[in-house]
Amino acid sequence: MPELPEVEVVRAGLAPAVVGAQIVAVTVLDDRALTRHPGDAVSFEAGLAGRTFIAAARRGKFLWLPLDTGDTGDALVGHLGMSGQLLLRASGAPVERHERVRLDIRHPVHGDLAVVFSDQRTFGSLAIDRLIPTPDGAAGGWGADAAVVPTQVAHIARDPLDAAFADAHFRAALRTKRSAIKRVLLDQTVVSGIGNIYADEALWAARVHPETAASDLATRTVTRVLTEVRTVLEKALAEGGTSFDAQYVNVNGQAGYFAHSLNAYGRGGEPCPRCGGPIVRDSFMNRSSHYCPRCQRRR
DNA sequence: TATTTTACCTGAGGGC
DNA sequence: TGCCCTCAGGTAAAAT
């Protein structure tokens, strides 16, 4: 499932091939891939054809590729949802099984390539969106030099690996939240980039029960949670992300290795790597939650 | 206003 | 073999 590390792997893989490349042709095979786009497929194709990507940026799980002709200030925005993939293929490569959109691009160094958006469950989407200034004046996200974000990303908080992420603001926000800490970690308007897998992993590492009320956490505990969030995200990024099956792959279609490093997620019934007690798998917020009831005691 | 629930979607895998 | 059911979960709209 693409969370911050997986999306960053995709962004970093895409950047050298798309920055400086001109869009030669756009093919929309399935309109459901444009649910975030304000217009129809025709306007999407017309809005991209002939233009050049000038950067590859990311905040949390959102990606965007700013376009040239700066007076309009817009970008191609993408979210991978549950099963979205952005693949780099040779020009003229056969259509992928779940291909939704294809961009044929021409790069001054790499030549003709295809950027393929493939998505089994169609929760992901692409859109053309306007860029607006960031309230704090800092760069919009990773890979972005300009202090702008797409309007669709403006309400998303900075992610914990962003240099402009404000730890003090995060701690203050948690003091006012009576919701469970896991729910707050998954709230992209509080902190972005964390999904179900890394929420479980970070809380296990910080020894915090997922249903503890955020406002009940001591400041030093919040600091520990944030530290563990960063540690697990950075480690997963270094290992190329988490892949359980063909759902998440990099731009070349290769899987990541972090699934081998998971301590709690997906290990219900198995011994806790720290204390040996059984990891519990609970239902929480219509999804699964994994934790060690011995290490992660509820207050 | 703040928080919680639901809809969206497809394919894999288990039970029978 | 094949049908039906459950599960996976990020986002945003809808409901509470």
Side-chain angles (χ1 to χ4, degrees), chain A residues 1-11 29-38 58-64 77-86 96-101 117-127 129 149-157 159-160 172-203 210-216 229 233 236 241-249 255-256 258-259 262 264-269 281-291:
Chain A
M1 330 299 164
E3 302 180 31
L4 186 155
E6 294 77 31
V7 181
E8 177 54 26
V9 167
V10 170
R11 186 205 67 80
L29 292 87
D30 190 329
D31 286 356
R32 290 177 300 177
L34 302 181
T35 51
R36 287 163 209 272
H37 181 66
R58 179 194 57 76
R59 177 187 292 198
K61 305 169 195 172
F62 280 87
L63 279 168
W64 68 96
V77 183
H79 194 291
L80 301 178
M82 284 298 302
S83 54
Q85 304 174 344
L86 279 166
E96 303 279 331
R97 175 146 185 228
H98 299 295
E99 183 166 334
R100 310 294 183 198
V101 177
F117 179 65
S118 172
D119 189 10
Q120 177 201 113
R121 270 176 262 180
T122 69
F123 279 17
S125 67
L126 301 179
D129 193 14
V149 285
T151 65
Q152 295 180 11
V153 185
H155 69 290
I156 299 294
D159 62 64
L174 260 58
R175 279 196 290 273
T176 72
K177 298 278 183 188
R178 281 179 295 184
S179 302
I181 180 61
K182 178 164 175 181
R183 183 185 288 274
V184 176
L185 290 179
L186 294 174
D187 183 344
Q188 305 295 302
T189 67
V190 175
V191 54
S192 69
I194 305 168
N196 203 38
I197 298 172
Y198 298 119
D200 280 0
E201 288 301 304
L203 289 172
E211 296 196 53
T212 310
S215 55
D216 284 349
V229 164
L233 292 178
T242 304
S243 304
F244 297 112
D245 46 33
Q247 297 289 6
Y248 161 70
V249 293
F258 193 70
L262 295 173
Y265 183 87
R267 298 196 175 279
R281 176 180 177 275
D282 262 356
S283 183
F284 177 72
M285 287 172 64
N286 282 328
R287 60 203 62 192
S288 58
S289 202
H290 311 77
Y291 62 96

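Below, read A as the first sequence line, B as the second, and so on, with proteins coming before strands; counting in each chain starts at 1. Worth knowing before you read on, the calculation uses all heavy atoms, side chains too, and leaves out hydrogens, waters and symmetry mates.
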Within the pair A:Arg121 and C:dG10, is there a side-chain N or O less than 4.0 Å away from OP1 or OP2?
-> no
Please state how far atom CG in A:Leu174 lies from atom P in B:dA2, giving the value in whole angstrom units.
-> 16 Å
Between A:Asp200 and A:Lys182, is there a side-chain N and carboxylate O pair less than 4.0 Å apart?
-> yes
Scan A:Asn286 against the nucleic acid and name what it touches under 4.0 Å (heavy atoms): base, sugar-phosphate only, or nothing.
-> base
Determine whether the side chains of A:Lys61 and A:Ser192 contain a donor N or O and an acceptor N or O closer than 3.5 Å.
-> no
Tell me whether the OP1 or OP2 atom of B:dC8 has a side-chain N or O from A:Thr35 closer than 4.0 Å.
-> no
Between A:Arg32 and B:dT10, does any side-chain N or O lie under 4.0 Å from OP1 or OP2?
-> yes
A:Ser83 versus A:Tyr248, side-chain donor and acceptor atoms under 3.5 Å | no
Grab the CD-P distance between A:Gln120 and B:dC8 for me, whole Å please.
-> 18 Å
Distance test, side-chain N/O of A:Gln188 to OP1/OP2 of C:dT11, below 4.0 Å | yes
Is the phosphate of B:dT10, meaning OP1 or OP2, less than 4.0 Å from a side-chain N or O of A:His98?
-> no
In whole Å, what is the span from the CG atom of A:Leu186 to the P atom of B:dT4?
-> 13 Å
Whole-Å distance between C:dG10 C1' and A:Ile197 CD1?
-> 12 Å
Spacing between A:Met82 atom CE and B:dA12 atom C1', to the nearest angstrom | 13 Å
Hey, could you give me the CD1/CG distance between A:Ile181 and A:Leu203, rounded to the nearest 0.5 Å?
-> 6.5 Å
Return no unless some side-chain N or O of A:Arg183 is found under 4.0 Å from OP1 or OP2 of B:dT4.
-> yes
Rounded to whole angstrom units, what separation is found between the CG atom of A:Leu185 and the P atom of B:dT3?
-> 15 Å
Length of the line joining A:Asp119:CG and C:dT11:P, which is rounded to integer Å | 13 Å
Rounded distance in Å - CZ (A:Arg287) to C1' (B:dA7) = 13 Å
On DNA chain B, more 5' by nearest nucleotide between A:Met285 and A:Thr176 is A:Thr176
Which residue lies toward the 5' end of DNA chain C, A:Phe62 or A:Ser288, if each is placed at its nearest nucleotide?
-> A:Ser288
Looking at the side chain of A:Lys177, which of C:dT11, B:dT10, B:dT3 is the nearest nucleotide?
-> B:dT3
Can you find a side chain N or O atom of A:His155 that sits less than 4.0 Å from OP1 or OP2 on C:dA12?
-> yes
Between A:Phe258 and A:Tyr198, what is the ring plane arrangement, given parallel below 30°, perpendicular above 60°, and tilted in between?
-> tilted
Compare the minimum distances between each of B:dC9, C:dA12, B:dT10 and the side chain of A:Arg36, then state the nucleotide with the smallest one.
-> C:dA12
